[in-house]
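Here is the structure we will look at, set down as structure tokens.
This structure is a prediction, so every number in the text was calculated from the model and none was measured. Here is how names work: the chains are called A, B, and so on, in the same order as the sequence lines, proteins then strands, and each is numbered from 1.
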Amino acid sequence: MTELSTRFNFREIDDKWCVRWEMENLFHAQTDSGKEPYTIVIPPPNVTGILHMGHALNNTLQDIIIRYKRMKGFETLWMPGTDHAGIATQNVVEKQLAKEGKRRQDLSREDFLKRLWDWKKEYGDTIIRQLKKLGSSCDWPRTRFTMDDQYCNAVKEVFVRLYEKGLIYRGEYIINWCPRCHTALSDEEAEHHEIQGSLYYIRYPFKDNPDKGLTVATTRPETMLGDTAVAVNKKDKRYKDLIGKTLILPLMGREIAVISDELVDPAFGTGAVKVTPAHDPNDFEMGKRHNLEFINILHPDAVLNDQAGDFEGMDRFEAREAVLEALREGKFLEKTEPHTHAVGHCYRCHTVVEPYLSRQWFVKMKPLAKPAIEAVKKGKIAFYPKRWTKVYMNWMESIRDWCISRQIWWGHRIPVWYCERQSCKPIVSLTTPSNCPQCGSTNLKQDEDVLDTWFSSWLWPFATLGWPDKSKDLKYFYPTASLFTAPEIIFFWVARMIMAGLEFMGQIPFSDVYLHGTVRDTKGRKMSKSLGNAIDPLEIIEEYGADALRFSLIINSGQDLFISKEKFEIGRNFANKIWNASRLIMMNASAVDPSFDLSAIKNIKNINLPSQWIVSRFFSTLKKVSLAIEQYRYSEAENSIYEFFWGDFCDWYLEIVKDQWDDPAIQNIAFKVLELSLKMIHPFMPFVTEEIWSQINEGKGSICHQPWPPVHKNLIDNAAEARMQTVIELVTSLRNLRSQWNIKPQEKIQCFFCSRSKEDLELLKSHETILMNLAHMNGLTIDKKAVERKNTATVIVRMIKGAVPLGHLINIKEEKSRILGQIGQQKKASVGLAARLKNKDFLKKAPKEVVDKEKARLESINTKIKELKKVVSCLS
RNA sequence: GGGCGGUUAGCUCAGCUGGUUAGAGUAUCUGACUUACAUUCAGAGGGUCGGAGGUUCGAAUCCUCCACCGCCCACCA
């Protein structure tokens, strides 16, 4: 065996296994293994940049399950890939261009797209490399991108099918327009933030009585330039008689009518609403209903156009001020009130979006939503935690049509061609048409726009498997099992995948949706590059190791994760602990029989209690961990592992057997428990476990494909665990006592134990050595009856009393007060218990087990008090 | 305006169907170089479980109200 470093050298080892796993293609899934499939599709990271801590968390969670299921004997497919992220990626490349002083319009569409593909290559590759560094056991040769040729076909197919079904239509509506990205957005892509704005009251004079007028209230005064009516509610007595009157629109001099519409709330503002049909969704509706004129006052970049009179050429916010100034001058502005309201912002560039009238493509959502609602209602798809079900349902039940066209270049070009003759119908086709089926013209132009990124992402669970081809992969691996993502994309992605899965595959895309929290800094702020509070996962891997990153992210974490750099120490230390425990065992493995099975401990004569105990503890832990993984209770699984491996195995078992390595049984048991622990820990910390596994099991192949150990229920021995617990408590009490009296480790003590219980005496006798070693004793006496000695310190564990003669070392007075303190503590408990046991209602109504348990407890406490009192009387 | 989540030790979190004296890790303090590991070992201190009511023999746990923090949704201009 080679000499092992005293530290787990993760830098070398992580890289070594990354390369080997990939070279040996260990994570490649086959369709003909005869095993049951278990599939996860990765939420494809955007190729906008590199991975952040949220990705690290997301992928760790997936990898734990996938590695676990692989060991459980499933044919596991974890499908990796990346997303082209239309607007977002185009934005970063535009920024890059801007540094060269260029705009995308300075390049041809082709040249611009070439730059995007270059970007995609660089960042897509980096992302995949980073995923590998994290230990993600994805099926790398299958890696997909949302703009692969095959994937593009799937997108087109979906567009054509939905169009033919009448679920895709084109029309002029008010959409959310980002003036910076220069594109339409869906409702979900407009993020609403509360803004401290103002409510401006503007008087619109009557045509026949210019000194009087109707006052309207607005938050966007500049839009008045496009007003074509003022609306009131006919139930509003104040304004009832004004309906039909003509007003003069200030600054523009346009005649507009007072109309009546139910949408108007008499209680808000003045109860009269200016109507701008081209710049507000409500007003748009009213405009349609009342046949109003639609006046668009904005260029696509939110600069006012020639419909804006004197304000033409101004930016919208500049125009707002100018309009207000002009209104003030004309005495039209009556008052200004502070007003908080929610304003939509572009989710990619955070610019305030503008409700904008334009012609776009939409998907009719109601028919798609219906089966998707059913699937969740019937429990075919479950959300973890459960509460997200309601969020999903609420959105689905009030779903609105989805604007899918984007006026950008990076993405799936809309598969629609227009004939030179405008009267011909648009041609929606999977392939480029050569001529118009209606008029035969060959002068056709493809729609300039591309599709919303999510219009491709929603196909991810089946398009990555080859759809629309009826591929073997698709048949075998679809539907997938579980999906891991953040709650903020339930609407964008999760809900839409469910709809697409049901529509195009006739089957749900996954049965479990696990929603994990957001990674935040210690102040609770979201980690982001712009805030400068981001911790780079790669830096953590470099400094602490990938296992440490994975383990630390999850242990002791709540819903949202509050992360500081120090948090990663726990994982690093634990990996190191595993490493060193393994070293110890490997150094003492001369007589290990590789075929030894833990079930055999039943047949080992004189098997010691600690061994029975550690085996029992292992299987109890394994049971807990397996269940926790199945239920997505990650933190709990890691806690159990940590507690077992460090707390039980290292701190107690290995300490106890340190001087028993000559015994082959001990070697075998320690070795086997280690080996099984490695398997149990592997999904969480793949690198350290693989490294040690490879050293102790040369030739057996990677740990990745070892079977997950079955729980041997008959080796879970509660009696052994209880007896060992007594030993542990004895040692702990003695250590405690030593520390109280400042007894140096080199200074040995003696102890006189006694108990009325035969079992206790037996237990003590058979564990003399352990007690002596772990509590640093040089003498130990066990008696049935206590011999009262003067000037001793005392420990009491259940029925066992231990007297430690420390005459020369202790201060009798202080020991007395220490024991009196303990008596006080016990008395407090005993008083409460006694009162409860005197309570007739308690005796009558509480279950018998509880009453019995309490009685027994009181008895043992009282015994302890009695014993302690005796001790006090001997201290003089 | 509607909805959801949180509030337990200085910090991060457990505490699942109510039943010991509310637990870990970390930080703090004390003591140890005990040849697997100082990324270690041993020990200690530290909480009236956000507040107020209620249900119950019994509440951190169930109910009601309140407070604060966070998130999501919403066409009152």
Side-chain angles (χ1 to χ4, degrees), chain A residues 4 6-8 174 192 199 216-220 223 231 263-265 267-270 272-276 280-285 339 341-342 355 385 387-388 390-391 394-395 398 487-488 490-491 518 520 522 524 544 548 555-564 566-567 569-588 631 633 635-636 639 642-643 647 650-651 654-655 658 732 735-740 742-746 773-774 776 825-826 828-830 832-833 836 839-847 849-851 853-854 856-858 861:
Chain A
L4 292 179
T6 60
R7 292 271 174 93
F8 170 48
I174 298 274
H192 290 267
L199 193 57
V216 298
T218 181
T219 53
R220 292 185 296 152
T223 61
L263 223 56
V264 180
D265 174 7
F268 187 85
T270 62
V273 184
K274 59 188 273 310
V275 183
T276 324
D280 182 278
N282 285 334
D283 297 6
F284 175 79
E285 292 300 317
H339 182 68
H341 59 136
R387 66 187 132 93
W388 294 108
K390 210 171 146 187
V391 175
N394 287 346
W395 187 75
S398 55
E488 54 260 36
I490 291 178
F491 308 145
T518 309
R520 299 172 184 283
T522 42
Y544 296 86
I555 195 160
N556 292 346
S557 66
Q559 329 186 50
D560 278 359
L561 290 82
F562 300 87
I563 303 292
S564 63
E566 301 80 66
K567 168 129 199 196
E569 284 172 9
I570 190 171
R572 179 197 58 186
N573 296 357
F574 189 47
N576 195 55
K577 192 72 184 176
I578 296 171
W579 177 257
N580 276 295
S582 307
R583 273 179 66 217
L584 173 67
I585 292 166
M586 284 189 260
M587 287 188 285
N588 293 286
Q631 298 177 335
R633 282 148 53 167
S635 178
E636 197 179 307
N639 263 309
Y642 188 89
E643 214 173 289
C650 294
D651 286 349
L654 293 181
E655 286 302 323
K658 244 179 188 168
T732 308
R735 281 174 176 170
N736 184 325
L737 188 143
R738 296 186 65 108
S739 161
Q740 289 270 339
N742 252 324
I743 301 163
K744 299 259 175 281
Q746 308 90 303
N773 285 349
L774 298 187
H776 294 116
Q825 236 177 21
Q826 296 297 318
K828 227 166 73 186
S830 126
L833 263 179
R836 194 173 309 165
N839 185 330
K840 276 185 199 134
D841 282 327
F842 173 69
L843 295 173
K844 208 162 59 192
K845 290 180 184 167
E849 312 92 80
V850 174
V851 176
K853 220 165 119 192
E854 301 287 67
R857 252 182 67 218
L858 181 62
I861 287 176

Notebook entry, point to check: Can you tell me if the side-chain N/O atoms of A:Asn736 get under 4.0 Å from OP1 or OP2 in B:A44?
Noted result: yes
Item checked: Touch class at under 4.0 angstrom, heavy-atom based, for A:Pro355 against every strand present -> nothing
Notebook entry, point to check: Just how far, in rounded Å, is P of B:U56 from CG of A:Asp841?
Noted result: 11 Å
Notebook entry, point to check: Where is the tightest heavy-atom contact between A:Leu561 and A:Gly558, given as atom of each residue plus distance?
Noted result: CD1-O, 4.4 Å
Notebook entry, point to check: Given atom CZ of A:Arg583 and atom C1' of B:U39, what is their separation to the nearest angstrom?
Noted result: 13 Å
Item checked: P-based separation of B:U61 from B:G51 [nearest Å] -> 10 Å
Item checked: Closest nucleotide among B:C57, B:C4, B:C13 to the A:Asn556 side chain -> B:C13
Checklist line | Length of the line joining A:Leu833:CG and B:U20:P, which is rounded to integer Å | finding: 10 Å
Note to self: Can you check the distance between B:G25 and B:U35, where both ends of the measurement are the P atom (answer in whole Å)?
What the structure shows: 24 Å
Notebook entry, point to check: At their closest point, which heavy atom of A:Gly571 faces which heavy atom of A:Ala548, and how far apart are they?
Noted result: C-CB, 3.6 Å
Notebook entry, point to check: On a whole-Å scale, what distance lies between the P atoms belonging to B:G58 and B:C11?
Noted result: 33 Å
Notebook entry, point to check: Counting side-chain heavy atoms from C-beta on, which of B:G5, B:A36, B:G19 comes nearest to A:Val850?
Noted result: B:G19
Check: What's the CZ-P distance between A:Arg572 and B:G25, to the nearest Å?
Finding: 17 Å
Margin query: Is the phosphate of B:U39 approached by A:Arg7 (side-chain N or O, under 4.0 Å from OP1 or OP2)?
Written below: yes
Margin query: Between B:U64 and B:G43, how far apart are the two C1' atoms, rounded to whole Å?
Written below: 46 Å
Next item on the list: Determine whether any donor atom in the side chain of A:Glu643 lies under 3.5 Å from an acceptor atom in the base of B:A14, or the reverse, and answer yes or no.
Entry: no
Notebook entry, point to check: Taking the side chain of A:Cys650 as heavy atoms from C-beta outward, which of B:C41, B:C76, B:A36 is closest to it?
Noted result: B:A36
Notebook entry, point to check: Within this structure, what is the CD1-to-P distance between A:Ile563 and B:C13, rounded to whole angstrom?
Noted result: 9 Å
Item checked: Among B:A32, B:G19, B:G3, the one nearest A:Lys390 by side-chain distance -> B:G3
Note to self: Using a 3.5 Å limit for the pairing distances, which stems of at least 3 consecutive Watson-Crick or G-U wobble pairs does RNA chain B take part in?
What the structure shows: B:1-7 with B:67-73, B:10-13 with B:23-26, B:28-32 with B:40-44, B:50-54 with B:62-66
Next item on the list: Looking at every strand, decide which applies to A:Asn576 at a 4.0 Å heavy-atom threshold: base, sugar-phosphate, or nothing.
Entry: base
Check: What does A:Gly558 touch in the nucleic acid at a heavy-atom separation under 4.0 angstrom: a base, only the sugar-phosphate, or nothing?
Finding: sugar-phosphate
Margin query: So which atom in A:Ser582 and which in A:Ile578 form the shortest heavy-atom distance, rounded to 0.1 Å?
Written below: OG-O, 2.6 Å
Next item on the list: Starting at atom CD1 of A:Ile578, determine the distance to atom C1' of B:C37, rounded to an integer number of angstrom.
Entry: 12 Å
Check: Do any side-chain nitrogens or oxygens of A:Lys658 fall under 4.0 Å of OP1 or OP2 in B:A36?
Finding: yes
Check: With sugar-phosphate meaning primed atoms plus P, OP1 and OP2, does A:Asp560 contact a base, only sugar-phosphate, or nothing at under 4.0 Å between heavy atoms?
Finding: sugar-phosphate
Checklist line | Parallel, tilted or perpendicular: ring planes of A:Phe268 versus A:His339, cut at 30 and 60 degrees | finding: perpendicular
Checklist line | Closest to the A:Leu654 side chain, choosing from B:A74, B:A77, B:A36 | finding: B:A36
Note to self: Whether A:Lys577 contacts B:C41 is assessed here as follows: a side-chain N or O lying under 4.0 Å from the phosphate OP1 or OP2. Is that the case?
What the structure shows: yes
Next item on the list: Find the distance A:Arg857:CZ to B:G19:P and express it as a whole number of Å.
Entry: 13 Å
Check: So which nucleotide from B:G43, B:A77, B:C71 ends up closest to the side chain of A:Ser739?
Finding: B:G43
Next item on the list: Check the distance between B:C73's C1' and A:Ile490's CD1 and give it to me in whole angstrom.
Entry: 12 Å
Margin query: Any side-chain to backbone donor/acceptor pair from A:Arg738 onto A:Lys744? Under 3.5 Å, distance only.
Written below: yes
Checklist line | First encountered from the 5' end of RNA chain B, between A:Gln740 and A:Pro745 | finding: A:Pro745
Next item on the list: When you get a sec, tell me which of B:C37, B:A77, B:C57 is the closest nucleotide to the side chain of A:Asn580?
Entry: B:C37
Item checked: Per A:Gln559 side chain, nearest of listed nucleotides B:G6, B:G43, B:C16 -> B:G6
Next item on the list: Answer with base, sugar-phosphate or nothing: what part of the nucleic acid does A:Phe491 contact at a heavy-atom distance below 4.0 Å?
Entry: sugar-phosphate
Checklist line | Closest to side chain of A:Asn573, choosing from B:U26, B:U39, B:G5 | finding: B:U39
Check: With sugar-phosphate meaning primed atoms plus P, OP1 and OP2, does A:Thr518 contact a base, only sugar-phosphate, or nothing at under 4.0 Å between heavy atoms?
Finding: nothing
Item checked: Same-atom distance (C1') from B:G18 to B:U12, integer angstrom -> 27 Å
Check: Do the side-chain N and O atoms of A:Arg836 and A:Asn839 include a donor-acceptor pair separated by under 3.5 angstrom?
Finding: no
Next item on the list: Could you check whether A:Asp651 gets within reach of a base, just the sugar-phosphate, or nothing at all, counting any heavy atom under 4.0 Å?
Entry: sugar-phosphate
Checklist line | Inter-nucleotide C1' distance (B:U55, B:A9), Å rounded | finding: 30 Å
Notebook entry, point to check: A:Thr270 and A:Val216: which non-hydrogen atoms are nearest, and at how many Å?
Noted result: OG1-CA, 3.7 Å
Margin query: Assuming nearest nucleotide by heavy-atom distance, tell me which of A:Arg633 and A:Gln826 is located more 5' along RNA chain B.
Written below: A:Arg633
Check: In whole Å, what separates the C1' atom of B:A74 from that of B:U28?
Finding: 49 Å
Next item on the list: Please determine, for the side chain of A:Ile861, which listed nucleotide (B:A44, B:C37, B:U21) has the closest atom?
Entry: B:U21
Checklist line | Nearest-angstrom distance, C1' atom, B:C63 to B:G70 | finding: 24 Å
Check: Contact class for A:Ala342 vs. all strands (heavy atom < 4.0 Å): base, sugar-phosphate, or nothing?
Finding: base
Check: Do any side-chain nitrogens or oxygens of A:His339 fall under 4.0 Å of OP1 or OP2 in B:A77?
Finding: yes
Checklist line | Which atom of A:Arg7 lies closest to which atom of A:Asn576, heavy atoms considered | finding: CA-OD1, 3.4 Å
Check: If only atom types and distance count, is the side chain of A:Asn639 paired as donor or acceptor with the main-chain N or O of A:Ile555 below 3.5 Å?
Finding: no
Notebook entry, point to check: For the side chain of A:Arg735 and the backbone of A:Leu774, is there at least one donor-acceptor N/O pair under 3.5 Å apart?
Noted result: yes
Next item on the list: Taking all heavy atoms of A:Val391 and all of A:Ile490, pick out the closest pair and write down the distance.
Entry: CG1-CD1, 4.5 Å
